[in-house]
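Working notes for the structure below.
Proteins get letters first, then strands, A, B, ... in listed order; numbering begins at 1 in each. Only heavy atoms go into these numbers, but all of them, side chains included; no hydrogens, no water, no symmetry mates.
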Amino acid sequence: MGLDATARFDARLNRPDQPLAEFVDGLRSTALGHYGAEPQPRFRIAGRFMGQRGPFAKLRDSAGQLQLYLRKGTIGATEEEQQRNDALIKLLHIGDFIGVQGYLFATQTGEVTLHVEALTFLGKSLRNLPIVKTDKEGNVYDAFTDPELRYRQRYVDLVVNPQVKDAFIKRTLMYNSMREYLNAKGYLEVETPILQPLYGGAAARPFKTHHNTLDMTLYLRIANELYLKRLIVGGFDGVYEFSKDFRNEGMSRFHNPEFTQIELYVAYKDYEWMMNLVEEMVEKVALDTNGTTVVQVGDQQIDFKRPWKRFTMYEAIEHYTGIDISEMSEAELRATAKQLHVPVDETMGKGKLIDEIFGEKCEAQLIQPTFITDYPVEMSPLAKKHRSKTGLVERFEAICNGKEICNSFSELNDPIDQRQRFEEQLELGKRGDDEAMVLDEDFLRALEYGMPPTAGLGIGMDRLAMIMTNSNSIQDVLFFPQMKAEQRAEEAES
RNA sequence: GACCUGGUAGCUCAGCUGGUAGAGCAUUUGACUUUUAAUCAAAGGGUCCCGGGUUCGAACCCCGGCCAGGUCACCA
């Protein structure tokens, strides 16, 4: 909330126009009069009353805190007003919203303080805010730290732990940065259905719901890939969407049932081209959110500066295990996995075995952003077969801090091949794989009308936000992470 | 889903070997118009997560459950 030197006092009309902290910092270097000096220009401000000690009170707004000086019997133009304000001050409670007007001075210790001459009440807090206090040595007292309360009552967390906002502000900067980058290239941000009659584009269990009027089953999307490709069929050269996706699976510090991906599809391009785009875009995102390409994540410093390391999956496995598996048969792969103590079972085919070896032996060791390319075809039913390497597809993932941050391929645009891949998925489904893809006839029909060669990309925005904000849990980059219902507390309060 | 840890006042926590439920902050009242986490005095505030069991007696021990965090498993 800004302080305004000229406007007439009516705090109910206050609008945020200048962050308080910025304003106060600006004043620290100026010579303000001490208490009793000739009054300065009048300012007005509104915010939360955060406690009082004698005549000194604290007022907080979205960006900072200002000390108020409330001298009994002096606030208001008339004696009646002054008495009313003295009574109001007695009734003020931590968390109440007030508006004040007055002039600034510096206290003996140099703190910028508003000498209040007029006061208005703006909103009541009925509940006690947990008050966090910090002393000069930086020791924190009575911190609001219970993770359950912080996540269930994020509004309280944000009020009493203002630093919590930082990660969310950075998250928005990330989105802004990507939009800016993709819009500058002329790609179109679009919206596609969240309620889908068939779920597709990924391997995951969906949430299921029902439309009453249409009397039909609908699924919350697990991905939007198949819809964006339909738009490529329709003639757009580049489309992207920040897509809230839903997967009915386990939860962990990396998994929330609803999460966000950006998906991007660009016609007449391939995965090599897309790798360059990812490097360039993510480097820009790091710069725009943190001002540097180097990001501290836990004990690691991660540098997003281009170019990133590139390994084929075979090269990565050879690099970390010393074993060249590129020419191996399924039996040899199984023996190799056992030799490396990678847990495998008899149902795993060649592709799955390779994926397991990579996941166990390589992924966690890839800390700096690294592209892994050329995946086994069995794991990638929507990716185009490799132009020269049999059994592989033109696919890459970027791994960072031991976790996948993006997935991309040259999209499969051969409708006959795509139908076969779907049918293989159907077989997997019949054998009990409840994450196997379902066959989407309408999507195949779209492909049968012809799709240009296309490069596709998905980036997990939550995972990327965790890295960019040095957050240990996805819950720290989601305002309202999914929680079980708090039945007892609800009943007790109602 | 498995294992570990935790759940006591609005918040942060203590509570010994099973023996009347505690502190600080916050709140209310009074005093003080002063400072820099915490002025002084007094007061109010509890389903000790829930349900059973053992016991003369349970916040504490046992059994079952709920919720959360962590680790692992799962995870395109």
Side-chain angles (χ1 to χ4, degrees), chain A residues 35 50-58 65 67-75 86 89-95 107-111 113 125-153 156-157 160-161 200-205 222-223 225 245 247-257 259 261 343 351-352 355 358-359 363 372 375-376 378-383 393 395-397 403-404 406-409 425 433-437 458 460 463 472-473 475 481 483-493:
Chain A
Y35 176 66
M50 293 301 281
Q52 185 172 9
R53 168 96 194 271
F56 293 100
K58 283 178 175 138
Q65 194 159 278
Q67 180 162 272
L68 305 178
Y69 182 67
L70 301 163
R71 191 176 174 83
K72 208 185 276 181
T74 67
I75 302 170
D86 288 348
I89 288 166
K90 295 219 85 170
L91 292 172
L92 281 181
H93 182 262
I94 287 178
T107 63
Q108 288 176 9
T109 54
E111 178 154 355
T113 301
S125 168
L126 290 177
R127 292 178 185 259
N128 294 329
L129 282 172
I131 297 303
V132 182
K133 294 180 175 175
T134 309
D135 68 14
K136 272 178 280 188
E137 280 78 45
N139 300 312
V140 176
Y141 302 83
D142 302 316
F144 182 65
T145 51
D146 183 329
E148 182 169 0
L149 288 175
R150 288 188 48 225
Y151 298 144
R152 286 195 196 281
Q153 303 184 34
V156 176
D157 188 30
V160 304
N161 297 323
R205 276 168 300 202
I222 58 173
E225 170 157 355
D245 295 338
R247 297 189 183 175
N248 206 340
E249 293 177 341
M251 292 168 63
S252 76
R253 70 189 183 93
F254 291 105
H255 299 85
N256 194 65
F259 65 103
Q261 295 193 90
K352 185 72 180 163
D355 196 60
F358 176 79
E363 194 166 15
I372 302 297
Y375 282 63
E378 295 89 336
M379 312 301 297
S380 316
L382 299 167
V393 290
R395 170 177 173 186
F396 71 84
E397 290 189 358
K403 280 271 170 191
E404 167 200 346
C406 84
N407 183 22
S408 169
F409 21 92
Q425 290 289 310
D433 183 347
D434 55 3
E435 292 190 341
M437 288 187 189
R463 302 267 179 93
N472 198 43
S473 167
Q475 296 174 114
M483 305 280 268
K484 279 211 181 186
E486 43 171 350
Q487 287 148 342
R488 286 234 140 243
E490 285 297 316
E491 283 162 14
E493 287 183 14

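Using a 4.5 Å heavy-atom threshold, the side chains of A/Leu149 and A/Val156 count as separate. By the 4.5 Å heavy-atom criterion applied to side chains, A/Arg253 and A/Gln475 are not counted as neighbours.
No engagement by A/Glu378 is indicated, since no non-hydrogen atom pair under 4.0 Å with the nucleic acid exists. Counting any heavy atom pair closer than 4.0 Å across all strands shown, A/Lys484 reaches sugar-phosphate atoms only and no base atom. Using a 4.0 Å heavy-atom distance criterion, A/Pro130 is classed as a sugar-phosphate-only contact. Note on A/Met50: nothing from the nucleic acid sits closer than 4.0 angstrom, heavy atoms only. Residue-level contact check: A/Ala203 touches the bases, meaning some heavy atom is under 4.0 Å from a base atom. Using a 4.0 Å heavy-atom distance criterion, A/Leu382 is classed as making no nucleic acid contact. At the heavy-atom level, A/Thr145 lies under 4.0 Å from the strands shown only through sugar-phosphate atoms. When heavy atoms are screened at a 4.0 angstrom cut-off, A/Asp146 is found touching the sugar-phosphate backbone but no base atom.
Pairing for B/rC13 goes to B/rG22, judged as Watson-Crick or G-U wobble with the two contacts each under 3.5 Å. Across the strands present, B/rG1 finds its partner in B/rC72; the criterion is a Watson-Crick or G-U wobble pair with both atom distances under 3.5 angstrom. Taking a pair to require two hydrogen-bonding distances under 3.5 Å in either a Watson-Crick or a G-U wobble arrangement, B/rC40 pairs with B/rG30.
Each of B/rC75, B/rG70, B/rU27 was ranked by its minimum atom distance to the side chain of A/Asn128; first place goes to B/rU27. Among B/rA76, B/rC11, B/rU34, the nucleotide with an atom closest to any side-chain atom of A/Phe144 is B/rC11. With distances taken from any side-chain atom of A/Glu148 to the nucleotides B/rC67, B/rG69, B/rA76, the minimum falls on B/rC67. Here the nucleotide nearest the side chain of A/Met483, chosen from B/rG30, B/rA68, B/rA76, is B/rA68. For A/Thr107, taking side-chain heavy atoms from C-beta onward, the closest of the listed nucleotides B/rU27, B/rC74, B/rU35 is B/rU35. When each of B/rG69, B/rU36, B/rC75 is scored by its nearest atom to the side-chain atoms of A/Pro147, the top-ranked nucleotide is B/rG69.
Atom CZ in A/Arg53 sits about 10 Å away from atom C1' in B/rC40, given to the nearest Å. Note: CD1 (A/Ile89) to C1' (B/rU33) measures 11 Å, nearest angstrom. Rounded to a whole Å, the CZ atom of A/Phe56 is 14 Å from the P atom of B/rA37. One atom, NZ of A/Lys403, and another, C1' of B/rC75, lie 8 Å apart when rounded to the nearest Å.
Using C1' as the reference atom, B/rC48 and B/rC13 are 13 Å apart when rounded to the nearest Å. Comparing B/rA59 with B/rU20, their C1' atoms are spaced 14 Å from each other, to the whole Å. Taking atom P on both B/rA14 and B/rU54, the two are 31 Å apart, rounded to the nearest angstrom.
Neither OP1 nor OP2 of B/rA76 sits under 4.0 Å from any side-chain N or O of A/Arg247. Dashed line: the shortest gap from a side-chain N or O of A/Arg152 to OP1 or OP2 of B/rA68 is under 4.0 Å. OP1 or OP2 of B/rG69 lies within a sub-4.0 Å distance of a side-chain N or O belonging to A/Gln475. Put simply, A/Lys133 has a side-chain N or O that comes within less than 4.0 Å of OP1 or OP2 on B/rA26.
Under a 3.5 Å cut-off, the side chain of A/Asp86 and the backbone N or O of A/Gly73 do form a donor-acceptor pair. Although no hydrogens or angles enter the test, the distance criterion places a donor-acceptor pair under 3.5 Å between the side chain of A/Ser125 and the main chain of A/Arg127. In terms of modelled atom types and a separation under 3.5 Å, the side chain of A/Glu225 and the main chain of A/Gly200 share no donor-acceptor contact. Judged purely by atom type and a 3.5 angstrom limit, A/Asp245 has no side-chain atom pairing as donor or acceptor with the backbone of A/Gln261.
Nucleotides of RNA chain B nearest to A/Glu404 and A/Ser473 differ in position, and the one nearer the 5' end is that of A/Ser473. Along RNA chain B, the nucleotide closest to A/Ile94 and the one closest to A/Gly201 are compared, and the more 5′ of them pairs with A/Ile94.
Using a 30° and 60° split on the angle between ring planes, A/Tyr69 and A/Phe56 fall in the tilted class, from 30° to 60°.
Counting distance only, with no hydrogens placed and no angle test, the side-chain atoms of A/Gln67 and the base atoms of B/rU35 include a donor-acceptor pair under 3.5 Å.
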